[in-house]
Structures are given as structure tokens and as C-alpha cells.
Peer 1: 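Here it is: the structure, laid out below.
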Number of protein chains: 2
Amino acid sequence: MSHTPGVRQAQKRKTRQALLDAALSLLEEQSLSSLGLREVTRAVGVAPTAFYRHFHSTADLGVALVEEALGSLHPMIRTTMSPAEDDDERIDRAVELIAGHVAAHPAHVRFIARERHGGVQPVRRAIREQLARFAEEVRAELATDASAAGWSETDLRMLAGLYVDQMLITASLFLETLDAPDDERRRAVETARRQLRLISVGRTHWLD
Amino acid sequence: MSHTPGVRQAQKRKTRQALLDAALSLLEEQSLSSLGLREVTRAVGVAPTAFYRHFHSTADLGVALVEEALGSLHPMIRTTMSPAEDDDERIDRAVELIAGHVAAHPAHVRFIARERHGGVQPVRRAIREQLARFAEEVRAELATDASAAGWSETDLRMLAGLYVDQMLITASLFLETLDAPDDERRRAVETARRQLRLISVGRTHWLD
DNA sequence: GGAGTCAGTGAACAACTGTAACCACAAATG
DNA sequence: CATTTGTGGTTACAGTTGTTCACTGACTCC
């Protein structure tokens, strides 16, 4: 007790986080499958062998990055997908939330978009699982919506998957226009809004 | 004339194609940014230096692979997007075409999905340009459709982009279920069909 | 048919990689 | 306080990488 336990663990977490940060930064210009363990430790200023104290391999680090990038995003689903005055308001809210997230964490978004179909199987699986969780959360939220009356479970899942994919597309579109002229960015936002709106229109007339 | 010119060029093209094939095969389990030039030449059974006779770098080879994977796909747009008896028939046709293409050229599809957001900038750009061409072709085809009356140019482009993205999503979904049990594959096909149908419904009610 | 072109070879290079064994020393434990 | 634990450092190894250079020998052209 007198030795204030946890000093050591705190330091360990600190270097672990430094490794994650350095890796994420290095991954802006390459894929995970070409990321070397020495490269990461060099960027942190730590011995190569120290890497093993935190991760088995770079693939392992990649899985941790998936958790970091997507794990904290789940609470946002409820607030985003919850019913609004009208559909357009909900769409605007979602688009703004995505734009804000991309602007705040561009490297994380880039990492997910890149490694979703990337060359490292465990990372692909981790991303797939997280996205499946998102889809399930969206489905649950859609089910509470009044306009979901008469929808089959299959169709609800289909729609939830469509929304999740569309949000990823939107995020990666915003990422590409991050350092583009203002008018191009505005055009991207408008395109994303209309695409979501078209899906929304399809949704309201689905049961015709 | 008597010397039958072209024997040399034919041989060169043959090894070039062998390099492309070997690279594509190696890329099933890794990303382009980690593909080594020696790795490719070793797989072909040729000296490392021979690589330079055909490509400046692996990034250059990647751009050539983009051309190979997407270049020959443009003619398919017209036949796929051309009007049909009813919308559902057109959707079925498109889904079957995608499924067939994925089954026939899985490595190409995987390569495009992987490198679209991959770590090699010139390859990303090449893919983006090809997809932009697809979107333009889809837009042109949509414009001839009777149901496009009253649509703005902006909205037509928006819809074309949505279709192209959705086709890529569908292709990568089919790719994931390539060696999955039959019922899961059927479910994937059904999901893809319904997602396209929902977009189609949104399209017909867009001007309300 | 002789000269030139050029796809592919082989050896050599400096730099890099992942990983192993062993060591140092501060923190945690009793 | 003495002992154990475990993060991180050091050194070393065997393999790999991209790129260079001078070369061979078959094909092409005049």
C-alpha cells in the first residue's frame, strides 16, 4: 500500500500507447502488412525487443488499433440513429457527426478504411466483428422506430447493413476531401446527404 | 518481313504477364505496399533485375494490375445498366453479373477492394480514376432512362456514385462468401438484391 | 550477313528485417 | 529489508530487401 502500486503499470501503458500512436502515424502512408516492428519502436525511441512486452506481432497491434478506433464509437449510434423531428434532420445530424469524427480522428478512419479489406486476416476479422456490432445496434435502433412496422427481421438487417456501409463510404469520402478546396468539401457533404436521403426515401416506400 | 518480327516482343509480354500473374497471386495474402520485387521475380523464376525491364517499381506494377482488373470491365456497364422489362429484372441481371465476375476473377476483385484505400498512392489514384469512369458511364446510361426525366445533373451523378459504390460492396461481400456454405451465399445474394431494390425504390420516389 | 538492340543473368553492396539470449535496475511483494 | 517480478536495453545472428554494374546471347534491322 505504501508503495503506491500502479506506477509500473502506468508507465507500461504509456509506452504501449506510444507504440500505438507511432504505428497509427506510420500507417498513414502504408498498409499494416508492410509495417515493421523495428520501424515502430524506432519512432517511439525504444528498443526493438521492448515491442514484445506489449504485442505478439504487428498484426496483434493492428487488432488493438481496431479496438481503439471503433470501440469507443458505439455509444454514438444511439444518439445518431435515434428518431428526430423529421428524417432530414436525422440525416444532417449523422453527416455532421461523421464529418466531425473524420476531422478529429483522420488517422483512425484511414486505418479502418485501409485495413477493412487489407492483407492481415486477424485485423480484417476484428473490423468485421466491430462493424457487425454496429449493424446490430443500428438494426435495434431502427426496430424501435415507428416506420419499421411491418418490416421483416431480414429486411431490417439488410437496411442496417446498408446504412453502416454507407457511413463508411461517407467517412472515406470526407477523408479524401480533408485537405481539398472548400467548395469541393461542400459538394462532398451535399452528395453524402442526398445519398442518405435517397436511401431514406426508399425506406419509406419499401412496403408499397 | 522474312524474320517474323515480334518474337522478341511476344516473349517480353509473356514474362511481363507472368510477373503480373505472380504478383496478383501473392497479393491474395498481403497488401501491395509489402510486396517485394524479389518476391515476385522468385515466384516467376526469373532474376530480380529482370523486373526493371518491365516496371519501375512494385507501385508501377500495381497500376498495371488496376488496368488489367478494371480496364476490360467498361463494356459491361452498358449491357448491365441498359433498361429492362422491369427494375427487378435489371437488378437480378446486375447481381448475377457481379457474382459471375467475382467467381471468375476473385484475385482481381480482392486486389481492387484491398488497394482502393491501400497504402500506395499511385494505385489509389488509378483505381479512383477508373471508378470515376464507371460512375460517368453509369450516369450516361441513367440519363437515357425514361425515369430520369426531371433529374438534375448533380442528382444523376449522386445516384451513379451510389450504384458504383454499392456494386463494389456487393462484389466484396460475394468475395467473402466465396468459400462459405451454400445457404450463406444465397443469403448474401438475397441481401445484395434487396439493397439494390431499396435504392431503386428510392429512385422512383425521389421527385415526390 | 554483320552490327546493334535489349531481355534476362550473376555477383556484389549496404541497409534492413524479426527474433533470440543475456543483462540492468526499478517496482512490487512478503 | 530481502526477494521476486518484469519492463526495457544491449548485442548478435541469419535472412531478406532494393539497386548497381558489367555481362551474355538471341533476336531485329539494314
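Here the structure is a predicted model, which is why all the values come from computation and not from measurement. Here is how names work: the chains are called A, B, and so on, in the same order as the sequence lines, proteins then strands, and each is numbered from 1.
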Peer 1: Tell me the interatomic distance from A:Leu19, atom CG, to D:dT7, atom C1', rounded to whole angstroms.
Peer 2: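 About 12 Å, once rounded to whole Å.
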Peer 1: Across the strands shown, which category fits A:Ala50 at heavy-atom distances under 4.0 angstrom: base, sugar-phosphate, nothing?
Peer 2: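 Sugar-phosphate, no base atom in range.
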Peer 1: Expressed as a whole number of angstroms, how long is the span from B:Leu61:CG to D:dG18:P?
Peer 2: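 B:Leu61 atom CG is separated from D:dG18 atom P by 12 Å.
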Peer 1: How close or far is atom P of D:dT19 from atom CG of B:Asp60, stated in whole angstroms?
Peer 2: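 In whole Å, D:dT19 P lies 12 Å from B:Asp60 CG.
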Peer 1: How long is the line joining CZ of A:Arg53 and C1' of D:dT10, in whole Å?
Peer 2: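 Taking atom C1' of D:dT10 as the reference, CZ of A:Arg53 is at 13 Å.
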Peer 1: Among D:dG9, C:dT9, D:dT17, which is the nearest nucleotide to the side chain of B:Glu39?
Peer 2: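 It is D:dT17.
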Peer 1: With sugar-phosphate meaning primed atoms plus P, OP1 and OP2, does A:Ser57 contact a base, only sugar-phosphate, or nothing at under 4.0 Å between heavy atoms?
Peer 2: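 Touches nothing.
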Peer 1: Between P on C:dC6 and CZ on B:Arg16, what's the gap in Å once rounded to a whole number?
Peer 2: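 So the two atoms are 17 Å apart, to the nearest Å.
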Peer 1: Let me know, please, whether A:Leu35 or B:Ala47 comes out on the 5' side of the other along DNA chain C by nearest nucleotide.
Peer 2: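 Going by which nucleotide is closer to the 5' end, it is B:Ala47.
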Peer 1: Please determine, for the side chain of A:Tyr52, which listed nucleotide (D:dT19, C:dC6, C:dT19) has the closest atom?
Peer 2: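 Nearest to the side-chain atoms of A:Tyr52, counting from C-beta on, is C:dT19.
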Peer 1: Quick check against the 3.5 Å criterion: does A:Ser34 have a side-chain atom that pairs as donor or acceptor with the backbone of A:Gln30?
Peer 2: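 Pair absent, no side-chain N/O of A:Ser34 close to backbone of A:Gln30.
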Peer 1: Between B:Gln130 and B:Glu67, does a side-chain hydrogen bond (donor to acceptor under 3.5 Å, both in side chains) hold up when you go through it step by step?
Peer 2: CA-CA 8 Å; B:Gln130 290 282 346; B:Glu67 187 63 30; 3.2 Å; yes
Peer 1: Decide yes or no on side-chain hydrogen bond (donor to acceptor under 3.5 Å, both in side chains) for B:Gln195 and A:Gln166, but give the supporting numbers first.
Peer 2: CA-CA 11 Å; B:Gln195 288 179 339; A:Gln166 193 58 35; over 6 Å; no
Peer 1: Starting at the 5' end of DNA chain D, which residue's closest nucleotide do you reach first, A:Gln11 or B:Gln9?
Peer 2: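 Residue closer to the 5' terminus by nearest nucleotide: A:Gln11.
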Peer 1: With hydrogens left out and only the distance checked, is there a donor-acceptor pair under 3.5 Å joining A:Arg8's side chain and the base of D:dG6?
Peer 2: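 Yes, the side chain and the base share a sub-3.5 Å donor-acceptor pair.
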Peer 1: Determine whether any donor atom in the side chain of B:Thr49 lies under 3.5 Å from an acceptor atom in the base of C:dG10, or the reverse, and answer yes or no.
Peer 2: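 Yes, a donor-acceptor pair under 3.5 Å.
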Peer 1: Yes or no on salt bridge (Lys or Arg N to Asp or Glu O under 4.0 Å) for A:Arg133 and A:Glu129, after CA distance, side-chain angles and deciding distance?
Peer 2: CA-CA 6 Å; A:Arg133 277 185 59 197; A:Glu129 282 170 7; over 6 Å; no
Peer 1: Quick check: does any side chain N or O of A:Arg157 sit under 3.5 Å from a backbone N or O of A:Glu136, one acting as donor and the other as acceptor?
Peer 2: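 No; zero donor-acceptor contacts below 3.5 Å.
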Peer 1: Nearest heavy atom decides the nucleotide; on that basis, is A:His54 or A:Arg38 closer to the 5' end of DNA chain D?
Peer 2: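 Result of the comparison: A:His54.
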Peer 1: How close or far is atom C1' of C:dA28 from atom NZ of A:Lys12, stated in whole angstroms?
Peer 2: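 Distance check: A:Lys12 NZ to C:dA28 C1' gives 14 Å.
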Peer 1: Side chain of B:Arg42: nearest nucleotide among C:dT9, D:dT16, C:dA7?
Peer 2: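 The listed nucleotide nearest to B:Arg42's side chain is D:dT16.
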Peer 1: In whole angstrom, give the distance that lies between atom CG of B:Leu26 and atom C1' of D:dT16.
Peer 2: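 One finds 15 Å between C1' of D:dT16 and CG of B:Leu26, rounded.
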Peer 1: Whole angstroms only, please: what is the NZ-C1' distance between B:Lys14 and C:dC6?
Peer 2: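 Taking atom C1' of C:dC6 as the reference, NZ of B:Lys14 is at 18 Å.
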Peer 1: When you measure from the side chain of A:Val7, which nucleotide among C:dA28, D:dT19, D:dG8 comes out closest?
Peer 2: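 That would be C:dA28.
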